[in-house]
Visitor: 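I have a structure I would like to understand better, so I am pasting it below and will then ask my questions one at a time.
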2 protein chains.
Amino acid sequence: IVLFENVSKTYRMGEVDVAALDHVSLSISQGAFTALVGPSGSGKTTALNLIGCLDRPSQGEVTVAGRAIGPMGRRESAEFRGKTLGFVFQDFNLLPVLTVYENVEYPLLMIRDVPKGEHKPAVDRVLAAVGMADQAGKYPAQLSGGQKQRVAIGRALVGKPALVLADEPTANLDGATAHKVVELMKQMRDEFGTTFVFSTHDPRIMDQAEVTFHLEDGRLIDGPAVGKE
Amino acid sequence: IVLFENVSKTYRMGEVDVAALDHVSLSISQGAFTALVGPSGSGKTTALNLIGCLDRPSQGEVTVAGRAIGPMGRRESAEFRGKTLGFVFQDFNLLPVLTVYENVEYPLLMIRDVPKGEHKPAVDRVLAAVGMADQAGKYPAQLSGGQKQRVAIGRALVGKPALVLADEPTANLDGATAHKVVELMKQMRDEFGTTFVFSTHDPRIMDQAEVTFHLEDGRLIDGPAVGKE
Ligand SMILES: Nc1ncnc2c1ncn2[C@@H]1O[C@H](COP(=O)(O)OP(=O)(O)OP(=O)(O)O)[C@@H](O)[C@H]1O
Ligand SMILES: Nc1ncnc2c1ncn2[C@@H]1O[C@H](COP(=O)(O)OP(=O)(O)OP(=O)(O)O)[C@@H](O)[C@H]1O
Ligand SMILES: [Mg+2]
Ligand SMILES: [Mg+2]
């Protein structure tokens with residue numbers, strides 16, 4: 001469902017080029033519970049942003065669910081994201097003027113043409129699953145860090161997208177809550193075939209992955225088929 | 001260096017009162033390497049904000065470095081914070097219009113009357129210690145999550161304050177980098193007697209603490225002298 005062919009992402013800093021990703025080639029199968037690991041600054045967020053069509057590679061090809069994302073225009077990629085993807089951002093990115101409920105409902109309104117009557121059951125179910133049902137009326141400013149993170153997770157899952165990208169989704173969660181979140185994701189994968197690709201520094205979450213890619217300084221240094229010619 | 005006497009922090013939500021902290025009494029000795037642990041939403045950030053004079057209790061007394069923080073006015077608490085405290089925020093709170101170097105230098109400019117000539121050595125030393133020396137000219141928007149977190153840590157330490165409060169300071173860091181940060185903090189405590197109070201969900205960091213307080217639903221459920229009458 002995801003293919004990187006010799007992908008590089010470079011930022012120009014004055015006279016120097018910073019390679020956030022450096023000739024990365026990988027493929028992710030539909031339904032694979034996939035972890036991206038590596039030191040701080042190694043390129044995990046950059047990779048997730050490319051898969052999520054939020055950014056374009058400087059070199060190489062990125063293909064997601066059969067679509068080449070390099071040539072996509074802004075409108076086209078926004079529509080593609082709405083229909084196919086769910087994204088949990090490293091800094092959550094909740095809308096401050098919407099309540100917890102409204103933040104989670106948002107993807108259903110935007111692109112998925114879900115009948116209004118079906119919103120409430122879907123939102124309530126996902127809020128309960130991340131333990132935020134009793135906080136549905138609060139605004140993001142009234143939430144703890146881990147509560148915001150869980151609302152962001154709920155928002156990414158509510159539309160049951162084919163592919164969920166999660167950037168350090170348990171960074172601000174205690175062990176028990178983190179475990180519940182991973183269980184929820186695995187359940188969705190088993191029930192709906194959802195593909196999960198998440199970056200993480202948490203060894204307990206790394207253990208739960210079926211496939212793991214290791215990044216270092218923008219290069220892929222380990223993963224299925226890496227170095228196994 | 002920190003004393004909580006029957007401290008409560010309550011938020012009014014319509015007709016309901018939410019007790020973010022519920023009759024918490026504790027004391028922290030100068031130089032103690034102290035962890036605050038507990039589930040997401042249990043009150044850790046609330047407690048750190050009270051110690052950091054960023055907020056006032058609804059009930060009870062909070063005393064920091066001999067000063068009662070309840071009666072302090074805004075100007076007085078800002079001055080007290082600048083001289084005595086370093087704070088690593090859960091969401092980093094870097095100034096987007098300043099570079100990495102300038103963000104870390106900021107506390108030295110604001111309140112500490114450190115001669116300009118002494119700024120560069122202090123900032124450079126702390127940037128090197130958190131592995132961000134080569135990124136000194138970047139702006140926060142150009143940094144990874146863990147890089148921002150390390151800049152926030154550097155900023156909290158640069159003025160060598162008596163008390164450092166760190167809210168989940170390793171949440172976005174890989175194991176090796178997290179370990180370096182904890183080593184740096186312990187080194188500062190050994191060399192300067194700095195008191196560190198940090199909240200964390202990371203079991204590897206919890207292991208490093210000398211004193212641990214456990215919160216649940218705003219109540220202190222374990223810690224030195226709790227339940228040991
Ligand atoms: N302004 C507010 N209005 C209402 N409730 C609030 C407000 N700020 C915090 N709370 C609530 O107080 C409780 C404690 O919040 P706090 O941020 O201290 O938790 P925490 O232990 O830091 O959690 P985490 O590990 O998720 O960061 C939470 O249930 C939170 O929703
Ligand atoms: N706009 C930018 N300009 C310059 N450099 C950038 C920019 N965005 C990212 N980088 C650099 O690219 C590298 C990879 O960043 P990325 O955010 O992908 O790392 P990461 O693996 O997600 O790290 P973390 O675990 O700390 O979140 C970092 O060194 C970062 O400083
Ligand atoms: Mg990142
Ligand atoms: Mg918190």
Side-chain angles (χ1 to χ4, degrees), chain A residues 11-14 16 18 20 37-49 89-92 94 130-132 134-135 137-151 167-178 180-181 199-204 206 214-216 218, chain B residues 11-14 16 18 20 37-49 89-92 94 130-132 134-135 137-151 167-178 180-181 199-204 206 214-216 218:
Chain A
Y11 295 102
R12 165 134 259 146
M13 304 287 303
V16 185
V18 173
V37 306
S40 170
S42 55
K44 304 178 296 299
T45 294
T46 305
L48 287 173
N49 286 346
F89 295 92
Q90 191 163 357
D91 62 0
F92 322 142
L94 300 180
V130 296
M132 291 295 296
D134 57 346
Q135 317 253 351
K138 278 187 167 179
Y139 288 89
Q142 299 169 314
L143 298 179
S144 77
Q147 289 170 338
K148 286 183 198 136
Q149 189 153 43
R150 285 183 273 160
V151 174
D167 204 346
E168 297 185 37
T170 63
N172 290 283
L173 301 179
D174 55 281
T177 310
K180 282 212 215 91
V181 162
S199 67
T200 186
H201 290 303
D202 189 337
R204 301 168 294 199
M206 286 180 216
H214 291 260
L215 286 172
E216 200 169 298
Chain B
Y11 295 102
R12 167 133 258 146
M13 304 287 304
V16 186
V18 172
V37 307
S40 170
S42 55
K44 304 179 294 299
T45 295
T46 304
L48 287 173
N49 286 345
F89 296 92
Q90 191 163 357
D91 60 2
F92 322 141
L94 299 180
V130 295
M132 291 295 297
D134 58 346
Q135 316 254 353
K138 278 187 166 180
Y139 288 89
Q142 299 169 314
L143 299 178
S144 77
Q147 289 170 339
K148 286 182 198 136
Q149 188 153 43
R150 284 182 272 161
V151 175
D167 204 344
E168 295 186 38
T170 63
N172 291 283
L173 301 178
D174 54 280
T177 310
K180 281 211 215 89
V181 161
S199 68
T200 186
H201 290 302
D202 189 339
R204 300 168 296 199
M206 286 180 215
H214 292 259
L215 286 172
E216 199 169 297

Visitor: If I measure from the heavy atoms of chain B, does A:Gln147 come under 4.5 Å with its side chain, its backbone, both, or neither?
Guide: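 Backbone plus side chain of A:Gln147, per the 4.5 Å heavy-atom cut-off to chain B.
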Visitor: With rounding to the nearest 0.5 angstrom, report the CE to CD distance, A:Met13 to B:Gln135.
Guide: 8.0 Å
Visitor: If the test is side chain to side chain contact (heavy atoms under 4.5 Å, CB included), which one of A:Asp174, A:Leu143, A:Asn172 qualifies with B:Ser40?
Guide: A:Asp174
Visitor: Just to verify, what does B:Ala20 make a side-chain contact (heavy atoms from CB on, under 4.5 Å) with, not counting sequence neighbours?
Guide: B:Tyr11, B:Thr46
Visitor: Give the member of A:Thr177, A:Leu173, A:Asp202 that has the highest number of heavy-atom pairs under 4.5 Å with chain B.
Guide: A:Leu173
Visitor: Out of B:Lys44, B:Lys138, B:Arg150, which one racks up the most heavy-atom pairs below 4.5 Å with chain A?
Guide: B:Arg150
Visitor: Heavy-atom distances under 4.5 Å only: say whether A:Gln142 touches chain B with side chain, backbone, both or neither.
Guide: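 Contact with chain B is through the side chain of A:Gln142 alone.
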Visitor: Can you see which heavy atom on A:Gly145 is nearest to which on B:Gln90, and at what distance?
Guide: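 Between these two residues, the closest heavy atoms are CA-NE2, 3.4 Å.
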